[in-house]
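In what follows, a single structure is set out as structure tokens and then discussed.
These numbers come from a predicted model, not from an experiment. Side chains are part of it too, since the values below use all heavy atoms of this structure and drop only hydrogens, waters and symmetry mates.
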Amino acid sequence: MLKKIYKIVIAPYTLLLLYLMFLGMGRFQYEDNLITVEPVFSTIKFIQGAMSWKDIVIIVIGNIVMFIPFGFMGWVFPKLMDLKSLVLNFIPAITIVEALQYFTRMGIFEVDDILLNTFGVYLGWLFRRYLEKRFSC
């Protein structure tokens, strides 16, 4: 039953996430194309300079949590059941999305976003495995 619900919900969820990544949450088009390629350190600098904990939660934790559902993609595409296949397919896809943010200037291409999003997928993959073992999904 859970797999059926997931298969129905993941497409609209993906569209909602794309909306948020390009148009939602007060987004605007930047004057210049922006890129941040300094992994981990740029997130640490962001946390240190953040105005509030709310900003940190929305940006950093959000980049992880919002991608947890993609760890379940093996339920839709059986070839993505193992972690290696899932990650090797997810990283190019999220890199394309980040590149589109760069080229449209509706966001910043950030290597940390790719890392945090991928970590979210990993957590989702772990949670999917837990659910399958616990409840025989």
Side-chain angles (χ1 to χ4, degrees):
M1 179 66 163
L2 199 55
K3 289 180 185 181
K4 288 180 184 180
I5 293 170
Y6 178 81
K7 288 178 182 182
I8 293 168
V9 171
I10 193 62
Y13 179 78
T14 302
L15 293 174
L16 171 66
L17 196 56
L18 288 169
Y19 168 79
L20 293 173
M21 292 175 77
F22 287 94
L23 302 170
M25 299 177 4
R27 292 219 183 244
F28 59 91
Q29 192 168 34
Y30 291 96
E31 294 276 332
D32 298 312
N33 299 75
L34 301 172
I35 187 167
T36 304
V37 293
E38 186 181 35
V40 181
F41 295 109
S42 61
T43 296
I44 292 169
K45 286 178 189 175
F46 169 77
I47 291 170
Q48 290 172 340
M51 296 292 186
S52 70
W53 280 99
K54 181 182 173 187
D55 294 337
I56 295 169
V57 169
I58 289 173
I59 302 299
V60 179
I61 306 299
N63 270 313
I64 296 169
V65 172
M66 296 295 287
F67 286 85
I68 287 174
F70 295 102
F72 292 75
M73 288 302 288
W75 286 354
V76 178
F77 303 104
K79 290 184 179 182
L80 301 179
M81 289 296 270
D82 70 289
L83 182 61
K84 183 178 178 181
S85 296
L86 179 63
V87 169
L88 288 176
N89 280 277
F90 177 77
I91 289 175
I94 196 62
T95 301
I96 289 168
V97 172
E98 288 289 323
L100 286 171
Q101 284 184 319
Y102 172 82
F103 288 117
T104 63
R105 298 191 320 264
M106 293 304 291
I108 302 170
F109 182 100
E110 294 185 79
V111 171
D112 278 4
D113 283 357
I114 295 169
L115 295 173
L116 293 169
N117 299 164
T118 303
F119 182 64
V121 169
Y122 172 68
L123 291 177
W125 179 82
L126 288 175
F127 189 52
R128 178 192 55 82
R129 286 189 39 180
Y130 168 78
L131 288 175
E132 289 175 347
K133 287 179 182 175
R134 180 88 164 97
F135 301 106
S136 301
C137 292

**OP:** Establish whether Val60 and Ile58 are linked, either directly or via other cluster members, by ILVMFWY side-chain heavy-atom contacts under 4.5 Å.
**Re:** yes
**OP:** Would you check if the side chain of Trp125 reaches a backbone N or O of Gly120 as a donor-acceptor pair within less than 3.5 Å?
**Re:** no
Donor-acceptor pairs are to be reported for all side-chain atoms of residues 10-22 against protein atoms at under 3.5 Å, with residues two or more places apart or in another chain.
| unit_1 | atom_1 | unit_2 | atom_2 | d |
| --- | --- | --- | --- | --- |
| Tyr13 | OH | Met66 | O | 2.5 |
| Thr14 | OG1 | Ile10 | O | 2.7 |

**OP:** Could you tell me whether a side-chain N or O of Glu110 sits under 3.5 Å from a main-chain N or O of Thr36, the two making a donor and an acceptor?
**Re:** no
Original post:
Does Tyr130 belong to the same Ile/Leu/Val/Met/Phe/Trp/Tyr cluster as Trp75, with side-chain heavy atoms less than 4.5 Å apart forming each link?
Top reply: yes
Original post:
Looking at Phe72 versus Phe70, is the centre-to-centre ring distance below 6.0 Å?
Top reply: no
**OP:** Could you check if a side-chain atom of Val87 sits within less than 4.5 angstrom of a side-chain atom of Tyr122, using non-hydrogen atoms only?
**Re:** no
Subject >> Aromatic plane relationship, Tyr30 with Phe28 - under 30° parallel, 30 to 60° tilted, over 60° perpendicular >> reply: tilted
Original post:
Are any of the side-chain heavy atoms of Gln29 and Met106 separated by less than 4.5 Å?
Top reply: yes
Subject >> Exam field: side chain Asn33 to backbone Tyr102, donor-acceptor pair closer than 3.5 Å >> reply: yes
**OP:** Considering non-hydrogen atoms only, spot the tightest contact between Ser42 and Glu38 and give its length.
**Re:** OG-O, 3.0 Å
Original post:
Asp112 versus Phe46: any side-chain heavy-atom pair under 4.5 Å?
Top reply: no
Original post:
Side-chain heavy atoms under 4.5 angstrom apart, residues restricted to Ile, Leu, Val, Met, Phe, Trp, Tyr: same cluster for Ile68 and Ile8?
Top reply: no
Subject >> Student check: side-chain heavy atoms of Phe109 and Ile114 closer than 4.5 Å >> reply: yes
**OP:** Would you confirm whether Tyr6, through its side chain, and Val76, through its main-chain N or O, come within 3.5 Å as a donor-acceptor pair?
**Re:** no
**OP:** Evaluate the side-chain proximity of Asn117 to Val121: yes if any heavy-atom separation is below 4.5 Å, no if none is.
**Re:** no
**OP:** Measure across Leu80 and Met73 and return the closest heavy-atom pair with its distance rounded to 0.1 Å.
**Re:** CD1-CB, 4.0 Å
Original post:
Do Phe67 and Leu88 sit in the same hydrophobic cluster, where Ile, Leu, Val, Met, Phe, Trp and Tyr count as joined when their side-chain heavy atoms come under 4.5 Å apart?
Top reply: no
